> 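Before I ask anything, let me first share the structure, which is written out below as structure tokens.
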Amino acid sequence: MADKRKYVIPGDVITSGPFRPEQNVVLEGNNIIATAVGISEIYEDSVKVIPLTGKYIPKINDLVIGKVISHTSLSWELDVNSCYVGFLPAQDVFGRDFSTHADELSSKLKTGDLVAARIANFDRTRDPLVTISDRDLGKIDDGILVKISPSKVPRLIGKKGSMIQMIEMATNAAVTIGQNGWVVISCETDEGLLKAKKAVEMVNEKAHIANLTDLIKDMLDGKDES
């Protein structure tokens, strides 16, 4: 039996046998072959590949913003804008005295909650393990979520943090940037919040422009009302 999920590239044989080919795969003879870079999934009688384009590939120690999508008795599952699902162990939140009988996971984190976490372990063969045990990590209680391409994150941060510092200073907003392309913005004023949000979105849309810093500065200074 083939692995249920694995990293594949075009030409890889995912499995063989009586399976129905779905997305990004072709049937050649008795083999189902990948046509895209991504994660293969075998579910019941069908096979597909979830493409990696535009999705975040976890790396150990990355700061990510995750959204709780479900939980078991031992861990939460987090959407981290990836083909992979992040797993946050209950013991990481409750501590060493965690008990599956006495502690209810939904008392700490519920479906839809946002969490700042770090990738603790990942090797592409299984979903990443995440942690919130470091400083400034854990449940995010306020702010709005803005989604950008993970490839644009370095541009949003800027050299030595120059871009994000400029945005925060001009708006008095606090901006938490996940390497997975999810950004949380919080601010005491609606004006600052909206201006910071617009700046983040401008970086995402115009990251390729050479004078991006000047464009963002002009917008923050009120010189560009578009």
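Nothing here was measured: the structure is a model prediction, and the numbers come from that model.
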> Just grab all the side chain to side chain donor-acceptor pair (under 3.5 Å) pairs involving residues 142-164, residues at least two apart or on different chains.
S149-S151
> Any pair with a residue in residues 59-73 that passes salt bridge (charged side-chain N to carboxylate O under 4.0 Å, His left out), sequence neighbours left out, goes on the list, sorted by first then second residue, please.
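For residues 59-73, and leaving out neighbouring residues, the salt bridge (charged side-chain N to carboxylate O under 4.0 Å, His left out) pairs sorted by first residue read K59-D62.
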> Provide the closest heavy-atom pair for P150 versus N81 in the form atom of the first, atom of the second, distance.
CG-ND2, 3.8 Å
> Sequence neighbours left out, cut at 3.5 Å: what donor-acceptor pairs do the side chains of residues 20-39 make with other protein atoms?
| residue | atom | partner | partner atom | Å |
| --- | --- | --- | --- | --- |
| R20 | NH1 | D45 | OD1 | 3.3 |
| R20 | NH1 | D45 | OD2 | 3.1 |
| R20 | NH2 | E22 | OE2 | 2.8 |
| N24 | ND2 | V49 | O | 2.9 |
| T35 | OG1 | N24 | O | 2.9 |

> Do N121 and I60 have side-chain heavy atoms sitting under 4.5 Å apart?
yes
> Nearest 0.5 Å, please: how far is CD in Q91 from CG in L74?
9.5 Å
> Taking the side chain as every heavy atom from C-beta outward, state whether I177 and L63 have any atom pair closer than 4.5 Å.
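No. Closest side-chain heavy atoms not under 4.5 Å.
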> How far does CE of M202 sit from CD1 of I209, to the nearest 0.5 angstrom?
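That separation rounds to 8.0 Å.
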> If we only count heavy atoms from C-beta on, is the I69 to L78 side-chain gap below 4.5 Å?
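I69 does not reach L78 side chain to side chain.
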> Donor-acceptor pair, D12 side chain versus I9 backbone, under 3.5 Å?
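Checked: pair present.
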> Just grab all the ring pair (Phe, Tyr, Trp, His ring centres under 6.0 Å) pairs involving residues 139-167, residues at least two apart or on different chains.
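Residue pairs passing ring pair (Phe, Tyr, Trp, His ring centres under 6.0 Å), neighbours aside: none found.
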> Going from CG on L109 to CD1 on I132, what distance comes out if it is rounded to the nearest 0.5 angstrom?
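So the gap between those two atoms works out to 6.0 Å.
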> Mind checking whether F87 and V80 sit in one hydrophobic cluster, side chains of I, L, V, M, F, W, Y counted as touching below 4.5 Å?
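No; tracing contacts between hydrophobic side chains, which count when under 4.5 Å, never links both residues.
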> Determine, step by step, whether V175 and V183 satisfy the side chain to side chain contact (heavy atoms under 4.5 Å, CB included) criterion, reporting the C-alpha distance in whole Å, the side-chain angles of both residues, the deciding distance to 0.1 Å, and the verdict.
CA-CA 7 Å; V175 183; V183 180; 3.4 Å; yes
> Please identify which of these residues, I164, L212, T213, meets the side chain to side chain contact (heavy atoms under 4.5 Å, CB included) condition with V203.
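Of the listed options, the one satisfying the test is L212.
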> With the 4.5 Å side-chain cut-off for hydrophobic clustering, are L220 and L215 part of the same group?
yes
> Passes side chain to side chain contact (heavy atoms under 4.5 Å, CB included), I216 versus M166? Steps please.
CA-CA 9 Å; I216 299 294; M166 179 178 71; 3.6 Å; yes
> For atom NZ of K197, is the number of surrounding heavy atoms from other residues, nucleotides or ligands below 6.0 Å larger than 12?
no
> Taking all atoms of both residues into account, what is the closest heavy-atom pair of P58 and I119, and its distance?
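Taking P58 first and I119 second, the nearest heavy atoms are CB-CD1, 4.2 Å.
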> Can you see which heavy atom on E44 is nearest to which on F19, and at what distance?
O-CE2, 3.5 Å
> Is the number of heavy atoms from other residues, nucleotides or ligands within 6.0 Å of CG (D190) greater than 12?
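Open.
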> Walk me through whether E201 and V146 qualify under side chain to side chain contact (heavy atoms under 4.5 Å, CB included).
CA-CA 8 Å; E201 291 173 340; V146 180; 4.1 Å; yes
> Starting from I65, walk the hydrophobic network (Ile, Leu, Val, Met, Phe, Trp, Tyr; side-chain heavy atoms closer than 4.5 Å) and list everyone else you reach, by chain and number.
L114, I140, L145, W182, V184
> Same hydrophobic cluster for M219 and L194, using side-chain heavy-atom links shorter than 4.5 Å among ILVMFWY?
no
> Can you confirm whether K48 sits close enough to I14 that some side-chain heavy atom of one is under 4.5 Å from a side-chain heavy atom of the other?
no
> Between N172 and T189, does the side chain to side chain contact (heavy atoms under 4.5 Å, CB included) criterion hold? Intermediate values first, please.
CA-CA 8 Å; N172 288 320; T189 68; over 6 Å; no
> Considering non-hydrogen atoms only, spot the tightest contact between D123 and R126 and give its length.
OD1-N, 3.6 Å
> Quick check: closest heavy atoms across K108 and D113, and the distance to 0.1 Å?
O-OD2, 4.4 Å
> Is there a chain of hydrophobic side chains (I, L, V, M, F, W, Y, each step under 4.5 Å between heavy atoms) that links L129 to L105?
no
> Indicate, with yes or no, if L193 and I167 share a hydrophobic cluster defined by side-chain heavy-atom contacts under 4.5 Å among Ile, Leu, Val, Met, Phe, Trp and Tyr.
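They do share one cluster, since a chain of ILVMFWY contacts under 4.5 Å joins I167 to L193.
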> Scan for salt bridge (charged side-chain N to carboxylate O under 4.0 Å, His left out) pairs involving residues 76-93, sequence neighbours excluded, and state none if there are none.
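Every pair satisfying salt bridge (charged side-chain N to carboxylate O under 4.0 Å, His left out) with a residue in residues 76-93: there are none.
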> A90 and W76: which non-hydrogen atoms are nearest, and at how many Å?
CA-CZ3, 3.6 Å
